[in-house]
Protein chains: 2
Amino acid sequence: MTAGEFKNWQAVQEEVRRRIHARIWAPGEMIPNEQDLAEEFGCARATVNRALRNLSEAGLLERRRKAGTRVALHPVRKATLSIPMIRKEIEDLGQSYGYERLFYRRGTPPEALLRQLKARENDQFVRVKSVQTADGAPFVFEDRWVNLTTVPGAAEQGFAETSANEWLLTHAPYTEGDIAFFAGNASEEVAGMLRCEAGAAIFVIDRVTWDNDRSITSVRQYFRPGYRMQTSI
Amino acid sequence: MTAGEFKNWQAVQEEVRRRIHARIWAPGEMIPNEQDLAEEFGCARATVNRALRNLSEAGLLERRRKAGTRVALHPVRKATLSIPMIRKEIEDLGQSYGYERLFYRRGTPPEALLRQLKARENDQFVRVKSVQTADGAPFVFEDRWVNLTTVPGAAEQGFAETSANEWLLTHAPYTEGDIAFFAGNASEEVAGMLRCEAGAAIFVIDRVTWDNDRSITSVRQYFRPGYRMQTSI
DNA sequence: TCTGATAATATGTGCAGACATATTACCAGA
DNA sequence: TCTGGTAATATGTCTGCACATATTATCAGA
């Protein structure tokens, strides 16, 4: 059990996992320091460090200098969900992807949105509405504002043929973003776009992205009724 | 610019980020190998490795042995959202937390759920329904099945005073889980529990967890109307 | 031209040692 | 008793080196 056969960091990580899981090290409890573990496992401290650091990033351990390492009391599980790139999602379903731009006009976003975007005085914006379809049926309806001042290329692009999301991904990298998921009843407009009943429950994503402190885009995506966003943890 | 002042991995990471961002290294393009970068930055290869590995985990780079490192064409942004522990979420809002068990009875889940749980022949289950409140108002209504065979302590516990989620977190650690987010129209039961109109759009989370291949619990949580799940990316 | 063995190469990881840094514990002095 | 300085300590990270491993490129032989 305590022989020195944990020679790589994955093995060390698995052994630590096992001990936490088997409650040999109970939640909230301190575990031995890296040096001792390294001796026990018969490996270098760096190897133990790598394993423990990984588990700490995963939320299973809490580490603080000098204070030591303890088993997390409330393992904050982190679900990493990839921001859906719609075309890929639809194609992975084996369905044919379609895109249609419905609306494109320069204008000024409402006051509240400007604040959220941390927009500057003379920023110019364009509003783009579009639907993306799977086998011809509406999949997502999106309503987006793009900051033309920070993304000048967007003006020529126009998003008539390619979805803004896709174009922006490769042409306007962002450094930060906020994202929110919620449920909403379909308005008349949304219901019309998604070809469903008004009032149907719709899964909605709000997303805002910045390049450092310069806003790039703000988008609200309405998914077709029944859409499920899934992941493993 | 190319002087050797990138002595720690964070600095290297930032410099690489900057170059990707400034399109010195464009999407899809190969970047120099670790050895060359180490020489350029005036640090050890391990330091460069740490930085690049981190960026690769973040989805900005794609690395393959021998093939080298390239800038990701479609940076798959990963939003890491912590699975909400309701009590903490409510208390962080500065509101008073409440819990009430509404239903507790042994029984057998429907066939479809049993399959999803990968349940075994003689597994015993208990169904628990409860609400959690913020300042007295309903916040979440949840409908849960707990596997008593894998979590025997659950039978004595009963979840009369503490939410199942909280108790399970510290008493039945899980190794894997599936989670899904979607929107649904409130049924009569849900509307009654959340004190809203039937048909209101409700944000719903389905979650199933396992301890290795032994199912622990399956839960569906209905959040109060207007609930938003937020995170940064 | 095709196929399979082999060499070349970039990343992945291990080790030992060193120093950096945050944080705690302790103790002297007011 | 309280306070501020100092020592002790666990983690954080860098270095230089080595070898492992996956993958590609190459080339000989059929």
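None of these values were measured; they are calculated from a predicted model. Sequence lines set the chain letters: A, B, ... in the order given, protein chains first and strands last, and positions in each chain run from 1.
- The separation between A:W9 atom CH2 and D:dC19 atom C1' is 18 Å, rounded to whole Å.
- Distance from the side chain of B:A67 is smallest to D:dT24 among C:dG12, D:dT24, D:dT13.
- A donor and an acceptor atom never sit less than 3.5 Å apart when one is taken from the side chain of A:R45 and the other from the base of C:dG17.
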Discussion item. With side chain to side chain donor-acceptor pair (under 3.5 Å) as the criterion, how do B:Y227 and B:E89 come out once you've worked through the C-alpha distance, each side chain's angles and the decisive distance to 0.1 Å?
Written reply: CA-CA 12 Å; B:Y227 177 80; B:E89 193 168 354; 2.8 Å; yes
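- The CD atom of A:E57 sits 16 Å away from the P atom of D:dT11 (whole-angstrom rounding).
- Residues B:S96 and B:D135 have side chains that bring a donor and an acceptor to within less than 3.5 angstrom of each other.
- Taking atom CG of A:L55 as the reference point, atom C1' of D:dT11 lies 15 Å away to the nearest angstrom.
- Between B:T47 and D:dT13, a side-chain N or O to OP1/OP2 separation shorter than 4.0 Å is absent.
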Item to complete: Begin from the C-alpha positions of B:R63 and B:T69 and carry the test side chain to side chain donor-acceptor pair (under 3.5 Å) through to its verdict.
Response: CA-CA 4 Å; B:R63 326 191 70 201; B:T69 303; 3.2 Å; yes
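- In summary, the aromatic rings of A:F141 and A:Y222 are positioned with their centroids under 6.0 Å apart.
- Considering only the side chain of B:R50, D:dT13 comes nearest among D:dT24, D:dG12, D:dT13.
- The NZ atom of B:K66 sits 19 Å away from the P atom of C:dT13 (whole-angstrom rounding).
- Looking at the side chain of B:A44, the nearest of the listed nucleotides D:dT11, D:dG16, C:dC15 is D:dG16.
- The interatomic distance linking B:N8 (CG) with C:dA20 (P) rounds to 13 Å, in whole Å.
- Distance A:L61 CG to D:dT11 P: 11 Å, rounded to the nearest Å.
- The A:R63 side chain lies nearest to D:dT11 when the options are C:dA8, D:dT11, D:dT9.
- One interatomic measurement links the two molecules: CD of B:Q13 to C1' of D:dC14, which rounds to 16 Å at whole-angstrom precision.
- In terms of position along DNA chain C, the nucleotide closest to B:N33 lies nearer the 5' end than the nucleotide closest to the other residue of the pair B:N33 and B:A46.
- B:R64 places its CZ atom 14 Å from the P atom of C:dA10, with the value rounded to the nearest Å.
- Distances shorter than 4.0 Å separate some side-chain N or O of B:N49 from OP1 or OP2 on C:dG12.
- In this model, the phosphate group of C:dT11 is approached by a side-chain N or O of B:T69 to a distance below 4.0 Å at OP1 or OP2.
- Counting non-hydrogen atoms under 4.0 angstrom, A:E62 reaches nothing in the nucleic acid.
- Taking 4.0 angstrom as the limit, A:Q10 places a side-chain polar atom (N or O) nearer than this to OP1 or OP2 of C:dT13.
- Checked by distance alone, B:R65 brings no side-chain donor or acceptor within 3.5 Å of a matching partner on the base of D:dT23.
- Among all heavy-atom pairs drawn from A:V48 and A:V12, the shortest one is CA-CG1, 4.4 Å.
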